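Every value quoted in this text rests on a predicted model; they were computed, and no experiment measured them. Here is the naming used below: chain letters follow the sequence lines, and residue numbers restart at 1 for every chain. Heavy-atom basis, side chains included; hydrogens, waters and symmetry copies ignored.
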2 protein chains.
Amino acid sequence: MEEHKHDHDKETEMIAIMSRSGMRITDQRRTLARIFSDTDAFLSPKDVYDLMRDKYPGVSFDTVYRNLRMLSEMGALEQFYFMEGGLKFKGSCISHHHHHLICLNCEKTLSFEYCPMDQQLKLPGSFKIVSHRFEVYGICDECQQTGEG
Amino acid sequence: MEEHKHDHDKETEMIAIMSRSGMRITDQRRTLARIFSDTDAFLSPKDVYDLMRDKYPGVSFDTVYRNLRMLSEMGALEQFYFMEGGLKFKGSCISHHHHHLICLNCEKTLSFEYCPMDQQLKLPGSFKIVSHRFEVYGICDECQQTGEG
DNA sequence: GTTATTGCAAATGATTTGCATTGAT
DNA sequence: ATCAATGCAAATCATTTGCAATAAC
């Protein structure tokens with residue numbers, strides 16, 4: 001059930017972000033960019049570590065963590081905390097604002113354009129709105145078919 | 001900046017949930033019900049532990065954890081993972097479906113009725129929708145005034 | 001050559017578990 | 001009296017840190 005619709009633009013963009021932020025482009029980071037441009041799913045640090053080791057048997061867990069954190073901080077990755085699965089990462093879609101459908105089974109994501117904040121929400125009190133979060137969870141086509149949901 | 005709009009109904013409801021689920025009503029749990037009916041804010045396990053200790057100097061951290069987890073599982077508490085602050089809990093509002101404004105400063109919450117899923121969202125693919133999440137983050141009235149945001 | 005990045009090992013922090021004791025029913 | 005809940009200590013798991021060796025610029 002591996003995803004391999006490699007998104008070359010995303011890979012290039014990720015490396016560009018690193019460069020722009022003054023990071024050095026190491027082979028590990030190149031591999032990270034490759035991993036995240038190869039999938040739309042959320043990956044745990046362990047997932048990433050395992051994928052990295054395919055190419056770099058000697059890679060260390062802390063380097064994976066360090067890089068995941070740095071890439072998140074500079075916006076190349078999105079973080080998400082799954083109540084059951086802990087913290088996971090996916091390549092971020094910097095290009096435009098949108099929200100996600102998230103498959104509870106395979107954790108792949110599908111983005112969509114509708115944003116609730118575009119409505120005239122009348123919210124109580126007078127909060128100064130800073131950000132919002134809207135996600136829809138379910139079982140994707142594929143997982144429904146393979147009965148894995 | 002303590003909240004003390006004690007919600008007696010919520011306290012009663014929480015204890016009722018425990019009873020219904022076959023839990024024994026210990027003093028610690030009574031105190032938990034009290035703590036969560038005294039505030040609309042999210043509390044970390046450490047916050048709860050500290051509040052508990054006011055009444056029970058001898059209470060242990062693991063008991064707090066155990067009870068927070070059990071109460072979440074039986075629906076008396078809602079969990080939320082703050083990217084910066086980790087896992088926190090608040091008394092859940094079982095009565096009706098709604099979403100929250102969450103103050104990024106004091107973590108108090110304000111509920112509102114608008115739900116994006118009531119719109120005719122046209123979502124891509126054919127996900128089987130299971131659940132959703134919508135939260136608005138900002139700075140509450142109070143924190144704006146005290147300049148803490 | 002200079003400075004960031006890596007791998008290692010060790011430290012930290014959060015959460016969980018086993019077990020004898022205590023307390024609610 | 002019975003069985004679940006507690007407190008303690010130790011175990012586990014995730015994440016972070018210090019530092020010398022290494023690699024990118």
(request) Would you mind classifying the nucleic acid contact of A/Gly22 as base, sugar-phosphate or nothing, using non-hydrogen atoms under 4.0 angstrom? (result) nothing

(message) What is the distance, to the nearest angstrom, from the CZ atom on A/Arg30 to the P atom on D/dA23?
(response) 15 Å

(request) Would you mind telling me which residue lines up with the more 5' stretch of DNA chain C, B/Pro45 or A/Val64, judged by nearest nucleotide? (result) A/Val64

(request) Rounded off to whole Å, could you give me the NZ-to-P distance for the A/Lys46 and D/dT15 pair? (result) 13 Å

(request) Return the value, rounded to whole Å, for the distance between atom CD of B/Glu84 and atom P of D/dT16. (result) 14 Å

(request) For the pair A/His100 (side chain) and A/Thr109 (backbone), establish whether a donor and an acceptor sit closer than 3.5 Å, ignoring hydrogens and angles. (result) no

(message) I'd like to know if B/Phe42 and B/Phe112 are part of one continuous hydrophobic network [Ile/Leu/Val/Met/Phe/Trp/Tyr, side-chain heavy atoms within less than 4.5 Å].
(response) no

(request) Kindly check if the number of other-residue, nucleotide or ligand heavy atoms within 6.0 Å of CD (A/Gln120) is above 12? (result) no

(message) So B/Gly86, base contact, sugar-phosphate only, or nothing? Heavy-atom distance under 4.0 Å.
(response) nothing

(message) For B/Tyr81 and B/Met23, find the nucleotide of DNA chain C closest to each by heavy atoms; which residue's nucleotide sits nearer the 5' end?
(response) B/Tyr81

(message) Tell me the interatomic distance from B/Phe61, atom CZ, to D/dT12, atom C1', rounded to whole angstroms.
(response) 16 Å

(message) Whether A/Gln28 contacts D/dA23 is assessed here as follows: a side-chain N or O lying under 4.0 Å from the phosphate OP1 or OP2. Is that the case?
(response) no

(message) Under 3.5 Å, is there a donor on one side chain and an acceptor on the other for A/Asp9 and A/Thr12?
(response) no

(request) Take atom CE of B/Met18 and atom P of D/dA5, then tell me their distance rounded to the nearest Å. (result) 11 Å

(message) Measuring only between side-chain heavy atoms, which start at C-beta, is A/Glu142 closer than 4.5 Å to A/Cys106?
(response) no

(message) Looking only at the side chain of A/Arg24 (C-beta and beyond, no hydrogens), which of the listed nucleotides D/dG7, D/dC19, D/dA24 gets closest?
(response) D/dA24

(request) Please assess B/Leu71 against B/Phe89 for the test side chain to side chain contact (heavy atoms under 4.5 Å, CB included), listing each intermediate value before the final yes or no. (result) CA-CA 10 Å; B/Leu71 290 177; B/Phe89 300 80; over 6 Å; no

(message) What's A/Thr63 touching, base or sugar-phosphate or nothing? Going by heavy atoms closer than 4.0 Å.
(response) base

(message) From CG of A/Asp27 over to P of D/dA24, roughly how many Å is that when rounded to an integer?
(response) 6 Å

(message) Any non-hydrogen side-chain atom of B/Met117 less than 4.5 Å from a side-chain atom of A/Val136?
(response) yes

(message) Between the side chains of A/Lys55 and A/Asp27, is the shortest nitrogen-to-carboxylate-oxygen separation below 4.0 Å, so that they form an ion pair?
(response) no

(message) Mind checking if B/Arg66 touches a base, just sugar-phosphate, or nothing, with heavy atoms under 4.0 Å?
(response) base

(message) Any side-chain N or O of B/Thr26 below 4.0 angstrom from OP1/OP2 of D/dT6?
(response) yes

(message) In whole Å, I'd like the distance from the CZ atom of A/Phe82 to the C1' atom of D/dA14.
(response) 17 Å

(request) Send over the distance from B/Leu32 CG to D/dA5 P, rounded to a whole Å. (result) 13 Å

(request) Pick base, sugar-phosphate or nothing for B/Asp62, based on heavy-atom distances below 4.0 Å to the nucleic acid. (result) base

(message) Could you tell me the boundaries of the chain A footprint on DNA chain C, defined by atoms under 4.0 Å from its heavy atoms?
(response) C/dT3 to C/dA9

